[in-house]
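The block underneath contains the structure these notes are about, expressed in structure tokens.
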Amino acid sequence: MKKMTALMLSAALVFSMTACSNAQQNTDSDPVSSEESSQAAESTPAQTAEAESLPEEDNGNVSDTETASTETENGESNILIAYFTYGENAELPDDVDASATASIQIFNGEVTGNTGVMARMIAEASGGELFSIQTVEPYPDSYDETIDVGENEKNNGIRPELSTHIENLDQYDTVFVGFPNWWYGMPMVMYSFFDEYDFSGKTVIPFCTSGGSAFSDAIDEIKDMEPDATVLDGLHIGGSSVTGAESSVNEWVTELGLSN
């Protein structure tokens, strides 16, 4: 009888241990039910509000409202405004009468020309640096004589020697290039300028002043001379309107995304 009781107790003990073991195995291996999973994925109202208030992750893209940086890493401007203007390339007297010719201007106390005025407006709007393109041989102090010299240069393919040179061209990503229209195109000094510099990989933005001929074929010629640069269409201002063109220039520079 005692043996029978012992056997029954042993069997009951084995059965109890087996049941506990199976229950533990089911708890470790069963996946969370779909209902529990759904509840875990839901956020509380406070959590949702916090998530919505967080800024979007920066994906490295520039938004449509942002403009390109106009400075290099060391704080220098990466925009250059290179220009040729008669008033800075002639042997003018110190007391020059700017009212005697429409091509001479006094701007912020400096003697320059129409294109020089436009260049200064672009520099103020963009924060770019000015570079005056000048020739070794100055032009006559008479504008009419200068026009004759310009015609002779064009007819004979004369490219004047430059006396000023850009020393740090690599610094600039964007180069505004300005000139007056002489004899239905760029003055020959501009061909000397483009001969000297390679603007590959840069953005070249022409600007021009004239009595009415605008750019003529100048932009196409610049594209031919600088095939690896991005040459934009540019802006023309009539010579008689340049002193009052500041708002037009500012708007143009802003549209280019280069405003200071």
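With values rounded to the nearest 0.5 angstrom, Thr203 atom OG1 is found 9.5 Å from Leu256 atom CG. Here Ile79 contributes atom CD1 and Glu129 contributes atom CD; the two are 10.0 Å apart, rounded to the nearest 0.5 Å. Between atom CD1 of residue Ile133 and atom CD of residue Glu196 there is a gap of 9.5 Å, rounded to the nearest 0.5 Å. For the atom pair CE (Met225) and CG (Asp195), the distance works out to 7.5 Å, reported to the nearest 0.5 Å. In this structure, CD on Glu151 lies 10.0 Å from CG on Asn156, to the nearest 0.5 angstrom. The CZ atom of Phe179 lies 10.0 Å from the OG atom of Ser210; values are rounded to the nearest 0.5 Å.
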Q) Are His236 and Asn181 close enough, and set up right, to give a side chain to side chain contact (heavy atoms under 4.5 Å, CB included), and what steps lead you there? A) CA-CA 10 Å; His236 163 258; Asn181 186 316; over 6 Å; no
Practice task
Test Leu258 against Ile205 for side chain to side chain contact (heavy atoms under 4.5 Å, CB included), laying out the working first.
Solution key: CA-CA 11 Å; Leu258 297 172; Ile205 310 175; 3.9 Å; yes
**Prompt:** So Met190 and Val177, side chain to side chain contact (heavy atoms under 4.5 Å, CB included) or not? Walk me through it.
**Reply:** CA-CA 9 Å; Met190 298 308 300; Val177 180; 3.4 Å; yes
- Query: Should His165 and Tyr197 be marked as a side chain to side chain contact (heavy atoms under 4.5 Å, CB included) after you check the CA-CA gap, both sets of side-chain angles, and the distance that decides it?
  - Reply: CA-CA 10 Å; His165 307 276; Tyr197 302 105; 3.7 Å; yes
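Residues Ile147 and Trp183 have side chains in contact (heavy-atom distance under 4.5 Å, counting atoms from C-beta outward). Between Tyr83 and Phe176, every side-chain heavy-atom pair lies at or beyond the 4.5 Å cut-off. A 4.5 Å side-chain heavy-atom check between Glu76 and Asn168 finds every atom pair outside the cut-off. Under the 4.5 Å side-chain criterion, counting only non-hydrogen atoms from C-beta, Phe194 is in contact with Met186. With contacts defined as side-chain heavy-atom distances shorter than 4.5 Å, the pair Pro206/Val231 qualifies.
Looking at Thr112 and Glu110, their side chains never bring a donor and an acceptor atom within 3.5 Å of each other. Residues Thr115 and Thr209 have side chains that bring a donor and an acceptor to within less than 3.5 angstrom of each other. Using modelled atom types, one finds no donor on one side chain facing an acceptor on the other under 3.5 Å when comparing Asp144 with Ser142. Side-chain contact of Asn114 with Gln105: a donor-acceptor pair under 3.5 Å is present, judged by distance alone.
Here Glu145 pairs with nothing under the salt bridge (charged side-chain N to carboxylate O under 4.0 Å, His left out) rule; sequence neighbours left out.
Here the closest heavy-atom approach between residue Leu130 and residue Ala119 is recorded as CD2-O, 3.5 Å. Shown here for Leu162 and Val189, the closest heavy-atom pair between the two residues is CD2-CG2, 3.5 Å. Among all heavy-atom pairs drawn from Ser77 and Gly127, the shortest one is OG-O, 3.3 Å. Taking each heavy atom of Cys208 and Phe215 in turn, the nearest pair found is CB-CE2, 3.4 Å. Between Ser126 and Asn260, the shortest heavy-atom distance links the atoms C-CB, 3.6 Å. Of all non-hydrogen atoms in Val111 and Glu88, the two that sit nearest each other are O-CG, 3.8 Å.
A salt bridge (charged side-chain N to carboxylate O under 4.0 Å, His left out) check over residues 243-260, counting only residues at least two apart or in different chains, returns nothing.
Here the rule is side-chain contact (heavy atoms from CB on, under 4.5 Å) with Thr135, and of Pro160, Ser163, Ser192 only Pro160 fits it. Under the side-chain contact (heavy atoms from CB on, under 4.5 Å) test applied with Met121, the options Phe207, Trp252, Phe107 reduce to a single match, Phe107.
If you look at Phe84 and Phe193, their ring centroids are not closer than 6.0 Å.
Not one N or O on the side chain of Lys154 forms a donor-acceptor pair closer than 3.5 Å with the backbone of Gly185. At least one donor-acceptor pair closer than 3.5 Å links the side chain of Asp198 to the backbone N or O of Ser200. Remark: the backbone N or O of Met188 is not paired with any side-chain donor or acceptor of Glu153 at under 3.5 angstrom.
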